[in-house]
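Keep in mind it's a predicted model, so treat the numbers as computed, not measured.
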Number of protein chains: 4
Amino acid sequence: MEMANYSNRQIEIINAATKLINGGGIQSLTTKALSESVGFSEPALYRHFKNKTEILSAMLQFYGQRLKEKINEIINDEGNGLFKLERIVKYQFDHFSRHPAIVMVIFAEASFQNDAMLSEKVKNLMSNKKSKVEAIIKMGQLDGSIRNDIDTEQLSPIFMGTMRFTILQWRMNHYKADLNHQGVELWETMHSMFAAENMK
Amino acid sequence: MEMANYSNRQIEIINAATKLINGGGIQSLTTKALSESVGFSEPALYRHFKNKTEILSAMLQFYGQRLKEKINEIINDEGNGLFKLERIVKYQFDHFSRHPAIVMVIFAEASFQNDAMLSEKVKNLMSNKKSKVEAIIKMGQLDGSIRNDIDTEQLSPIFMGTMRFTILQWRMNHYKADLNHQGVELWETMHSMFAAENMK
Amino acid sequence: MEMANYSNRQIEIINAATKLINGGGIQSLTTKALSESVGFSEPALYRHFKNKTEILSAMLQFYGQRLKEKINEIINDEGNGLFKLERIVKYQFDHFSRHPAIVMVIFAEASFQNDAMLSEKVKNLMSNKKSKVEAIIKMGQLDGSIRNDIDTEQLSPIFMGTMRFTILQWRMNHYKADLNHQGVELWETMHSMFAAENMK
Amino acid sequence: MEMANYSNRQIEIINAATKLINGGGIQSLTTKALSESVGFSEPALYRHFKNKTEILSAMLQFYGQRLKEKINEIINDEGNGLFKLERIVKYQFDHFSRHPAIVMVIFAEASFQNDAMLSEKVKNLMSNKKSKVEAIIKMGQLDGSIRNDIDTEQLSPIFMGTMRFTILQWRMNHYKADLNHQGVELWETMHSMFAAENMK
DNA sequence: AATGAATGAGACTTCATTCAT
DNA sequence: CATGAATGAAGTCTCATTCAT
């Protein structure tokens with residue numbers, strides 16, 4: 001996975017594209033709309049990206065990278081596994097509530113489906129995150145903070161699925177709720193379910 | 001929600017559309033592709049549906065209705081709440097593994113976003129299901145089968161999110177895994193987490 | 001010009017077509033709209049008319065015939081030429097104010113232009129009427145009621161053009177004015193201009 | 001009424017559209033025919049006009065503006081009212097005989113009827129011209145050149161209707177007659193009828 | 001680096017008409 | 001006599017992309 005370095009213009013375009021997609025789905029990301037949104041002409045887009053797919057690809061790279069870095073940071077920081085999970089929940093909910101436009105890109109599995117390359121990229125993003133989460137859970141089970149009566153592979157979809165679902169609902173209700181607050185509540189519940197002390 | 005009655009031709013079209021969407025996302029549902037897939041000319045589609053949106057709308061109606069009926073049946077059948085949850089998991093995983101084409105329609109939040117009416121329909125479908133699940137959980141908490149140390153509203157997103165995530169992964173891996181088997185494993189875990197006897 | 005005899009169904013269709021055209025121009029006369037308006041299916045139209053052109057053709061025939069008969073009646077009745085002109089004005093304004101739907105068909109020169117046959121028919125209708133009016137004017141010039149210092153061929157376009165224009169304006173203002181009243185006023189003026197006693 | 005400034009390309013398109021309409025009615029103005037006529041592809045039209053309605057709208061604007069300017073010029077020039085009417089007749093007949101393609105656009109009431117905005121524009125064009133003509137007639141009645149025994153409002157439809165009818169007939173006979181010659185004859189007659197000296 | 005102009009492909013949809021029943 | 005189903009042709013318009021300047 002190449003470590004991309006994006007120019008200012010490219011980042012402008014990525015941001016504009018993100019907003020468009022979040023506002024009206026993939027279908028509203030047209031080169032025309034994008035060029036208007038970013039403030040210069042359509043052909044100019046092609047000076048910064050080879051084609052539309054490359055723009056979408058860059059978006060995924062861009063956000064995926066950030067997420068990966070953050071999770072790595074969390075992994076390497078101090079604290080037991082359970083605490084790390086908590087940090088992931090908090091980070092993500094805070095991040096999304098501050099940048100709602102990103103939500104749809106991260107949740108884009110359905111949208112990119114007609115482009116094998118993009119679809120693959122989304123899949124990688126997700127499985128990447130999943131294996132990181134699993135690593136953390138495993139750590140937690142070893143350090144005694146996370147219950148070990150359930151397999152890691154069984155716990156991770158619960159963690160990830162619940163987060164996704166909460167965010168999805170927030171989006172479908174037009175970002176009205178206080179996502180951070182929901183994150184706090186969600187974590188309380190997850191704590192009850194994941195903490196070692198809750199094993200019977 | 002009107003109880004629609006679809007003609008044979010309409011159901012043919014709905015099926016063809018479902019397959020197309022599942023194969024390549026909303027973008028691959030064009031009137032041309034649809035007419036080819038169903039075996040007659042493009043204008044003929046318009047004898048059976050007023051326009052493309054109505055086709056998508058019918059798809060949602062069609063699948064939503066079935067799901068609702070099934071859940072109602074489960075609610076009204078015998079058994080405690082925990083058992084009912086189990087039946088939902090089993091039913092859905094079995095249903096999807098037999099009709100993978102439906103997955104994308106049920107998971108279409110992102111896709112329909114540029115059409116307010118469809119978007120609303122998807123949202124209703126989801127919140128409808130969610131409230132049914134919550135009713136079941138509440139029943140389980142009352143009949144003593146489901147732990148009552150966690151609020152119903154906190155348990156439902158765990159249940160629904162986890163299911164969604166599992167199915168989503170199955171789809172992203174091109175339906176290779178045995179979904180039913182995954183359902184069984186998932187249920188074991190859920191049982192550990194939801195059952196009343198597992199409260200500390 | 002064949003003396004056509006239209007069946008009841010055909011007349012129903014002609015009436016419906018007339019209303020459609022008057023409501024929204026030729027473009028709103030589609031076989032679909034027509035069949036809906038008349039209350040039976042599209043193919044049924046083809047049992048009564050060979051095709052759409054024949055329907056339009058029948059409309060022109062139908063109204064042209066009536067007009068011709070009426071004018072002939074006026075010609076053959078008693079009274080001098082000036083009086084006959086007056087009767088034409090009164091008849092037409094009264095007729096249109098009672099059947100506004102007909103206006104557009106009679107004024108259809110522009111609409112039928114892409115069909116040579118219909119275009120020719122409209123032209124005949126108009127030139128037919130014009131020559132009748134000229135005959136009346138000539139009669140009036142001979143019987144001393146109409147001024148004879150101006151050629152018949154010069155008077156007729158004034159008569160016909162003014163009538164048309166008045167009706168056109170009435171139509172463009174959505175039939176709001178009292179057409180009969182306008183006819184009376186118009187006639188007063190025409191009388192001043194056409195009557196023999198007004199020659200200098 | 002905004003003072004529009006059309007690009008060269010836009011004027012090319014307006015001209016081509018005018019010719020098409022005049023040749024075969026509104027129905028023959030298709031984007032395909034227009035693009036062929038103007039020499040580039042259909043989508044290219046949309047770089048110069050937002051949509052087809054805007055093209056028609058521009059045509060009306062374009063011709064209406066010219067007409068208005070000319071009439072204003074005539075109004076402000078020297079000469080009595082009767083002379084001004086004469087100049088209008090001569091100008092129009094000369095103009096149309098040189099640019100027959102314009103006729104249909106100016107006579108388009110019936111054609112544009114299914115588009116409220118265009119219909120309104122045509123109506124304005126006509127009533128605008130009518131009120132200008134009435135202003136001139138009033139001037140003539142005051143300066144003693146035009147008969148004042150008939151109301152201005154009664155004279156204007158005679159003037160306008162007769163002109164329209166003459167031009168209409170010319171068009172229906174496929175522009176065969178010498179329109180300028182007909183204008184001269186028409187004016188002679190109108191002079192007899194409008195001049196003050198012809199009052200009884 | 002940027003753009004105005006252009007385009008081939010293809011989207012959805014409507015039209016008049018036909019055919020089997 | 002009537003219709004449900006179907007269609008070829010054509011309509012308007014949008015898309016991603018290219019090219020000359």
Whole angstrom is fine here: how far is it from [atom1] in [X] over to [atom2] in [N]?
X        : N      : atom1 : atom2 : answer
C:Gln10  : F:dC1  : CD    : P     : 10 Å
B:Arg47  : F:dA5  : CZ    : C1'   : 6 Å
A:Glu12  : E:dA1  : CD    : P     : 14 Å
A:Tyr46  : E:dT3  : OH    : P     : 15 Å
C:Asp115 : E:dC15 : CG    : C1'   : 16 Å
B:Glu36  : F:dT7  : CD    : C1'   : 15 Å
A:Lys50  : F:dT18 : NZ    : C1'   : 15 Å
C:Lys52  : E:dT14 : NZ    : P     : 15 Å

Check every atom of [options] against the side chain of [X] and return the nucleotide holding the closest atom.
X       : options               : value
A:Ser41 : E:dA2, F:dT17, F:dT7  : E:dA2
C:His48 : E:dT3, F:dA5, F:dC1   : F:dC1
A:Thr31 : E:dT7, F:dA16, F:dT12 : F:dA16

- Can you tell me which stems involve DNA chain E, if a stem is defined as three or more consecutive Watson-Crick or G-U wobble pairs, both distances under 3.5 Å?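 The stems that DNA chain E takes part in, listed by first number, are E:2-21 with F:2-21.
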- What residues form a salt bridge (charged side-chain N to carboxylate O under 4.0 Å, His left out) with B:Arg9, not counting sequence neighbours?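 Per chain and number, B:Arg9 pairs via salt bridge (charged side-chain N to carboxylate O under 4.0 Å, His left out) with B:Glu12.
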- Query: Touch check for A:Leu29, heavy atoms < 4.0 angstrom, all strands: base, sugar-phosphate only, or nothing?
  - Reply: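 Sugar-phosphate, backbone atoms only, no base.
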- Task: Name the nucleic acid region contacted by D:Phe40, choosing base, sugar-phosphate or nothing; use a 4.0 angstrom heavy-atom cut-off, strictly under.
- Result: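 Sugar-phosphate contact only.
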- Task: Report the distance from atom CG of A:Leu125 to atom CG of A:Leu118, rounding to the nearest 0.5 Å.
- Result: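 Going from the CG atom of A:Leu125 to the CG atom of A:Leu118 covers 11.5 Å.
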- Should the heavy atoms of other residues, nucleotides or ligands under 6.0 Å from NZ of C:Lys52 be counted, would the total exceed 12?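 Counting other residues, nucleotides and ligands, NZ of C:Lys52 exceeds 12 neighbours.
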- Query: B:Ser28 side chain to B:Ile21 main-chain N or O, any donor-acceptor pair under 3.5 Å?
  - Reply: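 Side chain of B:Ser28 to backbone of B:Ile21: no pair is present.
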- Is the side chain of D:Ser37 donor-acceptor paired with the backbone N or O of D:Ala33 at a distance under 3.5 Å, no angle test?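 A pair under 3.5 Å: no.
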- Query: Between A:Tyr46 and A:Thr31, is any side-chain donor less than 3.5 angstrom from a side-chain acceptor?
  - Reply: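 Short answer, no.
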- Residue mapping more 5' on DNA chain E - nearest nucleotide basis, B:Lys32 or D:Pro43: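 Taking each residue's closest nucleotide, the earlier one in sequence belongs to D:Pro43.
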- Query: Mapping C:Glu42 and A:Ala44 to their closest nucleotides on DNA chain E, which lands nearer the 5' end?
  - Reply: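 Counting from the 5' end, the first nearest nucleotide belongs to A:Ala44.
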- Item | Residue that, paired with D:Leu56, satisfies side chain to side chain contact (heavy atoms under 4.5 Å, CB included) out of D:Val122, D:Val105, D:Ile26 |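 Passing option: D:Ile26.
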- Message: Any side-chain N or O of A:Arg9 below 4.0 angstrom from OP1/OP2 of E:dA2?
- Response: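 Looking at the OP1 and OP2 atoms of E:dA2, one of them is under 4.0 Å from a side-chain N or O of A:Arg9.
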- Task: Between A:Gln27 and B:Leu45, just flag the one whose closest nucleotide in DNA chain F comes earlier from the 5' side.
- Result: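 It is B:Leu45, whose closest nucleotide lies nearer the 5' terminus.
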